[in-house]
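First up is the structure itself, then whatever we jot down about it.
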Amino acid sequence: ECVRQAALRARVPAHAYRASALTKLLSGAFAREDASKLAVICTVSPCASDTEHTLATLRTGMALGGRGNEKEDREQLSLRRPAEAPPPAQWDPGQVRAWLAEVGGGQFRDVCDALP
C-alpha cells in the first residue's frame, strides 16, 4: 500500500508502515516524496500455465508506475486439434488394407490380397 501511495505521489498514512518490516525500513523514503524515486522490476514467466500470474504482475507494475488505465483488449484463443485416427486395434478391415497398401512405399500390397 505504501508503494501505491508513493506512485500516486500521495501522502502515505502512518499506519501503512506497520504492515511489514520492509515498509518500516523504507518509511524514510516514503516520507520524503520529492527526494525519492520509485523503480519497479516485474519478474514474469514465459510459461503458458503462468499467464494469469504474469498478467497480474504486469498490471501491478503498470499501476505502480502511474499507468494502467489503458483499455485492455482480450482475444479468445482456441486450440483446434486435428481429428485423431483410431488406434490400429479399432481399425476395420478396409483401414487395415489401406494401411498395408501405403506402408513401406507399398511393398506389402500383396499381403492385402491374402486378407479375408
Side-chain angles (χ1 to χ4, degrees):
E1 193 59 32
C2 294
V3 176
R4 289 184 209 282
Q5 294 292 329
L8 297 172
R9 294 287 183 205
R11 187 174 178 282
V12 179
H15 71 276
Y17 298 125
R18 293 178 289 187
S20 74
L22 180 61
T23 55
K24 287 179 191 175
L25 179 69
L26 297 175
S27 63
F30 292 124
R32 297 184 314 249
E33 301 166 7
D34 54 338
S36 62
K37 292 189 179 192
L38 174 68
V40 178
I41 299 173
C42 297
T43 304
V44 297
S45 172
C47 297
S49 61
D50 294 326
T51 301
E52 286 184 47
H53 299 292
T54 295
L55 288 175
T57 299
L58 292 173
R59 283 188 194 107
T60 302
M62 298 229 358
L64 292 174
R67 296 174 41 197
N69 296 330
E70 292 86 4
K71 182 179 178 274
E72 181 177 314
D73 293 329
R74 291 182 178 224
E75 180 180 345
Q76 183 66 32
L77 301 177
S78 62
L79 297 175
R80 294 188 184 135
R81 293 185 180 182
E84 293 183 19
Q90 296 176 356
W91 287 356
D92 62 31
Q95 288 172 310
V96 173
R97 282 189 179 89
W99 179 76
L100 281 172
E102 293 175 9
V103 73
Q107 66 183 0
F108 299 105
R109 283 192 190 123
D110 56 335
V111 177
C112 292
D113 298 332
L115 290 177

Quick one: pull up NE2 in H53 and OG1 in T43 and give me the separation to the nearest 0.5 Å. 14.5 Å

Quick one: side-chain hydrogen bond (donor to acceptor under 3.5 Å, both in side chains) partners of S45, sequence neighbours excluded? D50

Does atom CH2 (W99) have a neighbourhood of more than 12 heavy atoms from anything else shown, all under 6.0 Å? no

What I'd like to find out is whether the side chain of P86 reaches to under 4.5 Å of the side chain of Q95, using heavy atoms alone.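 Contact flag for P86/Q95 side chains = yes.
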
Under 4.5 Å side-chain linkage, directly or through intermediates, the cluster mates of V44: L58

